[in-house]
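Here is the structure we will look at, set down as structure tokens.
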Number of protein chains: 2
Amino acid sequence: MNATLGFRPLYAQVKDLLVQRLASGVWKPGEALPSEFSLAAELKVSQGTVRKALDELAAQNLVVRQQGKGTFVARHTPQRALFHFFHLVGDDGARALPSHRVLALRNARATKAQAERLKLAAGTPVIALKRIRLLGGRPAIFERIVLPGSLFPGLVERVVDKLPNEVYRFYEEKYGVTVARAVERLKAVAATPEEAKALGLRAGAPLLEIDRTAYGLDGRPVELRLSRCDTARHHYLSEIT
Amino acid sequence: MNATLGFRPLYAQVKDLLVQRLASGVWKPGEALPSEFSLAAELKVSQGTVRKALDELAAQNLVVRQQGKGTFVARHTPQRALFHFFHLVGDDGARALPSHRVLALRNARATKAQAERLKLAAGTPVIALKRIRLLGGRPAIFERIVLPGSLFPGLVERVVDKLPNEVYRFYEEKYGVTVARAVERLKAVAATPEEAKALGLRAGAPLLEIDRTAYGLDGRPVELRLSRCDTARHHYLSEIT
DNA sequence: CCGTTTATATCTTATATAAGACATAAGATT
DNA sequence: AATCTTATGTCTTATATAAGATATAAACGG
């Protein structure tokens, strides 16, 4: 009967609505959502339908569920950063978040390529960060980050040079920008003289380049990140299931 | 009441049983499983419980479900190989499975490191394959594969040198070995003279090394694979959700 | 009387079951 | 041969019960 192309099952509609609310900040990271029953009552569907929607959100790591306590908006905890968004692991299997040293943080304007990837007009204000990340005290990653200026107003002036190490948590707490998903493109490249010097390598040494585009809850790109990694003592871990 | 530590919910027990049957080859790749109702009747649980187990198996890509048709054991189709187990993508976004040229295929004995990763005793018979893979007609990957001899009896003698390109489908169809999961460790390395020559590069050129361990349905390692990739025109795609 | 412990009520999500809707394919009917 | 019917799958939704978490109040010991 429903020949409408736009038809979606009830639970999917509920899920869409919840994602929309998450994206618009109705519930903030760490907060509890209303219970299954109250959501069901509000949306005039059964509790089981709400549950199926919530289960899918939990599978996508947008919410965290805990029996007896409630359903909570997922936060960028160190744990999550480590296991979900940071794939560089020591060759002995040890995982640790790197510390960092900021080289530059300034306002700039999007290049054509950057604008295209961030879905902005060329020349739009952006924020550019250049930093070195250290693993086990050793410089291991040379990293360049580009953010849309509109999403992070006054960031450069605000942080001066005390930018925290875990920037995703910073985005979330200070600007309400939640990184929900990312795509990484990996290549092997030769270190430039600048990178080689910063990482204590010879120019031309092989580096692992990770070119990441991160997306927010609403699906729009919120960060570009180019990481050039010394993989002498570490590797990028990818699990295929 | 169930203070037994080993307690698992009913649907999880059903799932375990089904995985066990899949691993033991009760249902072969491509075949249909019994319907939800008949499984429920056999196992003395409700259809919904069977469904939850099957849904999780589908989420793990072990089975494929199709409304109105049935539930089928997942197969290593070219599509699956391409989107699931082959992460090298053209810089323009084009995906294509490489062709290959076999350099060597022979019986050998496991080194200590290989034996450890394959959970074998050192010196156990293994099969070693060396090949070049071509993307868009160009040599792009230099690859070494090691297999436990016990799982692939007579492979070297059998295939002579007509080994098919998609080896996972070959493992599955000829030896009943299904690759269900894999772990990849990526590094940037410098090309050895042998690799450089084979790939048409200068020695020392940066290559992306993919060190894969593949696991079967029963969770035991079934393949080691070291791929050294020229990423001048391609990249490794990793999606973080 | 005060502080600690122990029930208990009530909230939450997790699990199990069932019924109707929808999709597909094959056989019967025209 | 084309259409309709029916059998048999999974999908969707709903409901009931179990189990975990927590706050409150009663019971208890000092």
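The basis for the numbers below is simple: all heavy atoms, side chains too, and nothing from hydrogens, waters or symmetry mates. Every chain is numbered from 1 and lettered A, B, ... according to where its sequence line falls, protein lines coming before strand lines.
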Point to revise | Sugar-phosphate, base or nothing in reach of B:T49, heavy atoms under 4.0 Å | key: base

Any side-chain N or O of B:T71 under 4.0 Å from OP1/OP2 of D:dT10? yes

Here the residues of residues 29-40 of chain A within 4.0 Å heavy-atom distance, strictly under, of DNA chain C are A:S35, A:E36, A:F37

**OP:** Answer yes if the side chains of A:E223 and A:Y215 hold a donor-acceptor pair under 3.5 Å, and no otherwise.
**Re:** no

Whole-Å distance, A:Q67 CD to C:dT12 C1', equals 8 Å

Checklist entry - Counting only heavy atoms not in B:R169, do more than 12 fall under 6.0 Å of its CZ? => result yes

What one should report as the nearest heavy-atom pair of B:H100 and B:P164 is NE2-O, 3.6 Å

Fill in: Pair B:R117 + B:D211: basic N to acidic O under 4.0 Å
yes

Whole-Å distance, A:L43 CG to D:dA14 P, equals 12 Å

Under a 4.0 Å heavy-atom cutoff, the residues of residues 50-65 of chain B touching DNA chain D are B:R51, B:R65

Using a 4.0 Å heavy-atom cut-off, does B:G48 contact any base of the nucleic acid, only the sugar-phosphate backbone, or nothing at all?
base

When rounded to whole Å, the CD to P distance for the pair A:Q13 and D:dT12 reads 12 Å

Derivation of the side-chain contact (heavy atoms from CB on, under 4.5 Å) call for A:F152 and A:V177: CA-CA 9 Å; A:F152 301 92; A:V177 173; 3.9 Å; yes

What nucleic acid atoms does B:Q66 come within less than 4.0 Å of, heavy atoms only: base, sugar-phosphate, or nothing? sugar-phosphate

Next item on the list: Please state whether the phosphate of C:dA23, meaning OP1 or OP2, lies under 4.0 angstrom from any side-chain nitrogen or oxygen of B:K69.
Entry: no

Atom CD of B:Q47 and atom P of C:dT17 are separated, to the nearest Å, by 11 Å

dist B:L135:CG -> B:H234:NE2 (nearest 0.5 Å) comes out at 4.0 Å

### Task
Considering only NZ, NE, NH1 and NH2 on the basic side and carboxylate oxygens on the acidic side, decide whether A:E172 and A:R75 come within less than 4.0 Å.
no

In whole angstroms, the gap separating P of C:dA14 from NZ of B:K15 amounts to 16 Å

In short, B:T231 meets A:K187 closest at the heavy-atom pair O-NZ, 2.6 Å

Residues at least two apart in sequence or cross-chain that pass side chain to side chain contact (heavy atoms under 4.5 Å, CB included) with B:K174, listed by chain then number, are B:R158, B:F170

